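If you scroll down you'll find the structure; I have some questions about it.
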Amino acid sequence: MTSADQPDAGANGGRFHDRTSDRREIDERYDAQRVETKWAERWQQDPALYAAETNSTKQKYYVLEMLPYPSGALHMGHVRNYSIGDALARYMWMNGYNVLHPMGWDSFGLPAENAAISANVPPRQWTLRNIANMKAQMNRLGFAYDWSREVTTCLPEYYRWNQWFFLKLWERGLAYRKKSKVNWCPKCATVLANEQVVNGCCWRHEDTPVEQRELEQWFVRTTKYAEELLRGLDHLEGWPEKVRTMQRNWIGRSEGTLVDFKLAYADEHKGFGPAGATITVFTTRVDTIFGATSIQLAPEHPIVNDLAAQNTDLRAKVDQLIAEQRKAKEAGDIGEIEKHGVSTGRYAINPYNGERIPVWVANYIVMDYGTGAIMSVPAHDERDYDFAKKYKLEIRLVILPVSNDPEETMAEPPLPFTTHNGVLINSGAFNGLMCDEAIKKMSEYAEQKGFGKATVTYRLKDWGISRQRYWGTPIPMLYCEKDGIVPVPEKDLPVILPENVEITLTGGSPLGRVPEFGKARCPKCGGPARRETDTMDTFVDSSWYFYRYTDAHNDRAPFDGKIAQYWFGDRGIDQYIGGVEHAILHLIYSRFWTRFMRDLGMITNDEPAERLFTQGMVIKEGAKMSKSLGNVVSPDEMVARYGADAARMYSLFAAPPDRDLDWQDSGIEGIQRFLGRVYRFVVRNARPSSAARSADALTPEARAIQRKMHQTIKRVSDDFQGRWHFNTCISAIMELVNVLYGAEDAIVRKAIPSGFLVEVQRHLVLLLAPFAPYLAHELWEMLGEKQSLLRAPWPKYDAELAKEEEIEIPVQINGKLRSRVTVPADADEAFVLERALADEKVKAAIAGKQIVKKIYVPGKMVNLVVR
RNA sequence: GCGAAAGUGGCGGAAUUGGCAGACGCACCAGACUUAGGAUCUGGCGGGUAAAACCGUGGGGGUUCGAGUCCCCCCUUUCGCACCA
């Protein structure tokens, strides 16, 4: 049971029994609540405690955890995320760095509006209340944030700079307005970016299929940086490979060729409408174009619309295909629907050979990739092959495989034959070329003749940022009847989000129902203008917030470039930590934004963060924590029952931080016990008066502790530098404590010099400080230390002192463990082998056999091979 | 379908470069604490055996004096992408 539930154990300061034995027992019990609230109060009274230094000569270290959405309360995922960052920040402080460790609130977004609808609380009030609550939770958990730099994105002091950036985007042609098909979530009652659509559903409503709507929207030209965003990934060695791969796939670069096919008989049939008579296809395999036996169009292709305009039967069939695609997309299994299509009855001309091939519409062609039109080469593409089989279209072989075996070279391959390792046939002037060479030559040929060119396409699309919602940054644009789209002048920023707005999920943007907001004057002509009533996607807010931390109160610019330069340098945030769920969304937008700001001359780094760490999820009984499953572990409850240190430390101990963590209450009890053990040891052995810390003539018992201590320092330090397996370095500290308990007899008989005992305890506390700051501070004080633990130097590892004097060498016979011999640590091979051969068990095992080979791995093992 | 990660005791996990498999913790068992224990301390704890032998890192092969670790094939789970032309 926790001390919190035992009023007798702490409320009276632990002194209430007369009997000495009992009193000692009670005094040694660690009352986490008492100690933690005491220190939390002290820390609160010193706002400068965790402040980053300005004009520091120290080396900078910027450690950042992704800022939370103020949903109302922290969850265990937050605790884990921030415990990692906090341990790192504290470690870097102790290593003498000028650490920037800020926190803020990603506080625009839909949940605030939902709360307004369901609970009738204004979004601003709801949000600020949640922030206050979560900030209190963070303080109770003891996270070392520099609150003087707190960023709250829903306040005008921040979002005015979103608007400022938007104007800069507009000036540079990186923001534009266009009407297009957009993703619409009916539950959010707003448009979503492509990145916010998951399996055809809304990222916030996983079972709500996204609809397509034709709307006029603001877009940010992220595609301008597509190539750079892709190439930059190659240099992000400090990012998880998984994230880099996901971004590569998302950007989806594909090299190929555009080829124009003209509709045959276009004039006679008057068969072309607004979309023209040219079908441009995109192909990565132009080398197979002599094998193209049909053109396949996406059902939503503009030319299909034209053709269907005169053909009601075709129109009906095409609508059918569109409906199928939509259904499959909503079901999330586009790859699974059966391929089928419908002939348009028209033909197009292959510009390479003048051949007329039929034009079809097929349900496996999507409009939003490439040009929405392909040439179908059944012999050399799996999908085209299936399709051609089904509709009995011609299958024409134009590539023969090449092999090292000359006999095989000219054999007909099984179809479809899709590799590049081949040579062209039936391809006119290009016969005999190898595929890759042919792709190059044939692209050049198309360009010469003016019917095509080599090109690169991307899956990445421009970022649609308009949201038909209230609780977001107003887009600073005006519509004037005379001057058209006019930006709000910089001097008029911010465009303030009005309060007291009626919020509903129907009828378009809530701001559209606020007449005094919508009415404006055109800055050009002074005439009446209408204000944009959509707001920005909240991912705009989080795309640059970490720059604002460096200069959070600047009211003349988003931040001062010189200050940002100090913290970002050329490589960005030193360590960024967050969940992998942002691998695409936030992390691609902020990479874009960083390049945009670089090109504005505000910063010099290309990437926002040099190193990225993605921590695993916190789950319970193998399932994601959720209210519906009733398996949510509340941080407040954990803090109340076990203390903040225990909750934090357990979240680091239970699994390596990059893996999912299965939360077990019994596990955190183990950590609570451990912290109690540490406390008890120091309470029993702290002798603040024993100032002598020189390691004078240590007894063997003391020497053993010293060895273990230095080994522990190494293990903990190495993990901070390298792989961040805090679970193992916490284990190492536990081992050290176990060794100390094992030495209690020696301590009692004074076999451990008291000066050394103090030194050990100091080191133990220092090692614990990044993981359990409350306990560490309490013990630090108990040891009589005056210097702040926060800036106390991290213990130095001494390889000499860590060295074992004797080591145990396993002896294997034919690879099986048979015995062990103890030898001096510096023993040479001959000595170790001699000892091994003299060992009784070894002798018995090799009796009557011949030793064929003796293997000695220095310091590790002996293996004797016998026959 | 493509790509990535993972699979080790009853459980979470350790073994960083091919070198004693199971560190540390949980759970469990036993003992101590002149009473109690949801406190604490000590010890035990992969299977197997009286003790050994022996068997054990998803399965099957291989390389090696030696494989959880390297290679080949297969199975399972999780995640990401997916008619990408």
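Quantities reported herein were computed from a predicted structural model and do not represent experimental measurements. All values below were derived from every heavy atom in this structure, side-chain atoms included, with hydrogens, water molecules and symmetry-related copies excluded.
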* Structure fact -> Per atom distances to the A:Met734 side chain, the nearest of B:G19, B:C24, B:C54 is B:C24
* To do: Determine the interplanar angle of the A:Trp663 and A:Tyr650 rings, folded into 0 to 90°, and report it as parallel if under 30°, tilted if 30 to 60°, perpendicular if over 60°.
  => perpendicular
* Output the single nucleotide from B:C41, B:C20, B:C84 whose closest atom is nearest the side chain of A:Tyr741. => B:C41
* Asked: Taking atom P of B:A67 as reference, at what distance in whole Å does atom CD1 of A:Ile855 sit?
  -> 12 Å
* Report yes if at least one side-chain N or O of A:Arg715 is closer than 4.0 Å to OP1 or OP2 of B:A23; otherwise report no. => no
* Asked: Is the glycosidic angle of B:G9 within 90° of 0, making it syn, or outside that range, making it anti?
  -> syn
* Heavy-atom donor-acceptor pair, A:Lys853 side-chain to B:C65 base, under 3.5 Å -> no
* Asked: Is there a side-chain polar atom (N or O) of A:Asn727 under 4.0 Å from OP1 or OP2 of B:G25?
  -> no
* **Residue whose closest nucleotide on RNA chain B lies nearer the 5' end, A:Gly670 versus A:Tyr369** => A:Gly670
* **Protein-nucleotide distance (A:Arg253, atom CZ; B:G3, atom P), rounded to Å** => 20 Å
* Asked: Touch check for A:Val857, heavy atoms < 4.0 angstrom, all strands: base, sugar-phosphate only, or nothing?
  -> base
* To do: Considering just the side-chain nitrogens and oxygens of A:Arg244, establish if one lies under 4.0 Å of OP1 or OP2 belonging to B:G3.
  => no
* Identify the nucleotide, in any strand shown, that forms a Watson-Crick or G-U wobble pair with B:A4, with both distances under 3.5 Å; if there is none, say none. => B:U78
* Taking atom C1' in both B:C11 and B:G22, what distance in whole Å separates the two? -> 13 Å
* OP1, OP2 of B:C55 versus side-chain N and O of A:Lys816: anything below 4.0 Å? -> yes
* Examine B:C84: is either OP1 or OP2 under 4.0 Å from a nitrogen or oxygen in the side chain of A:Asn249? Give yes or no. => no
* Asked: B:U69 C1' sits how many Å from A:Lys860 NZ, rounded?
  -> 14 Å
* Asked: B:U63 and B:G44: how far apart are their P atoms, nearest whole angstrom?
  -> 40 Å
* Asked: Is a donor-acceptor contact shorter than 3.5 angstrom present between the side chain of A:Arg820 and the base of B:C20?
  -> yes
* Using a heavy-atom cut-off of under 4.0 Å over every strand shown, decide if A:Met861 touches base, sugar-phosphate, or nothing. => base
* Structure fact -> Testing B:G25, B:A23, B:C20 for proximity to the side chain of A:Ser731, the answer is B:A23
* To do: May I ask you to say what A:Phe653 touches in the nucleic acid, namely base, sugar-phosphate or nothing, with a heavy-atom cut-off under 4.0 Å?
  => base
* Sidechain-backbone polar pair: A:Arg818 side chain, A:Ala845 backbone, donor-acceptor under 3.5 Å -> no
* Does A:Arg684 put a side-chain nitrogen or oxygen below 4.0 Å from OP1 or OP2 of B:U40? -> no
* Asked: Checking all strands, does A:Asp381 fall into the base, sugar-phosphate, or nothing category for heavy-atom contacts under 4.0 angstrom?
  -> nothing
* Under-4.0 Å side-chain N/O to phosphate OP1/OP2 contact, A:Ser666 with B:G25 -> no
* State whether A:Tyr741 and A:Arg677 meet the cation-pi test: NZ (Lys) or CZ (Arg) under 6.0 Å from the six-membered ring centroid, and within 45° of the perpendicular axis. => yes
* **Nearest-angstrom distance, P atom, B:A15 to B:C70** => 14 Å
* Among B:A39, B:G19, B:U42, which is the nearest nucleotide to the side chain of A:Gln812? -> B:G19
* Counting N and O atoms only, with roles assigned by atom type, does the side chain of A:Tyr642 sit under 3.5 Å from a partner on the main chain of A:Asp645, one being a donor and the other an acceptor? -> no
* Pairing partner (Watson-Crick or G-U wobble, both distances under 3.5 angstrom) of B:G43 -> B:C29
* Asked: With a 4.0 Å cut-off on heavy atoms, is A:Ile671 in touch with a base, just the backbone sugar-phosphate, or nothing at all?
  -> nothing
* A:Arg680 side chain N/O closer than 4.0 Å to the phosphate oxygens (OP1, OP2) of B:C41? -> yes
* **Side-chain donor/acceptor of A:Glu735 to backbone N/O of A:Thr712, under 3.5 Å** => no
* Listed nucleotide nearest any side-chain atom of A:Arg459, set B:C84, B:G25, B:A14 -> B:C84
* Asked: Should the ring pair A:Phe417 and A:His380 be called parallel, tilted or perpendicular, given that the plane angle runs from 0 to 90° and is split at 30 and 60?
  -> perpendicular
* To do: Among the candidates B:G12, B:A14, B:C54, find the nucleotide nearest to the side-chain atoms of A:Arg818.
  => B:C54
* Asked: Any idea which of B:C83, B:C65, B:C54 is nearest the A:Val865 side chain?
  -> B:C65
* To do: Could you check which nucleotide pairs with B:A36 in any of the strands shown, counting Watson-Crick or G-U wobble with both distances under 3.5 Å?
  => none
* Asked: How is A:Gly252 classified with respect to the nucleic acid when contacts are heavy atoms under 4.0 Å: base, sugar-phosphate, or nothing?
  -> nothing
* To do: Sticking with atom P, work out how far B:C26 lies from B:A32, rounded to a whole angstrom.
  => 22 Å
* To do: Measure up the A:Tyr364 and A:Phe387 rings against each other and bin them: parallel (under 30°), tilted (30 to 60°), perpendicular (over 60°).
  => tilted
* Check: A:Gln812 and A:Leu864 side chains under 4.5 Å, non-hydrogen atoms -> no
* **Value in whole Å for how far the C1' atom of B:A85 lies from CD1 of A:Ile365** => 7 Å
* Asked: Has the side chain of A:Asn863 got a donor or acceptor that lies under 3.5 Å from a partner of the other kind on the base of B:C65?
  -> yes
* Structure fact -> For B:C24, the nucleotide meeting Watson-Crick or G-U wobble distances (both under 3.5 Å) is B:G12
* Structure fact -> In whole angstroms, the gap separating C1' of B:U78 from CG of A:Asp660 amounts to 8 Å
* Is A:Arg673 near enough to B:G38 that one of its side-chain N or O atoms lies under 4.0 angstrom from OP1 or OP2? -> no
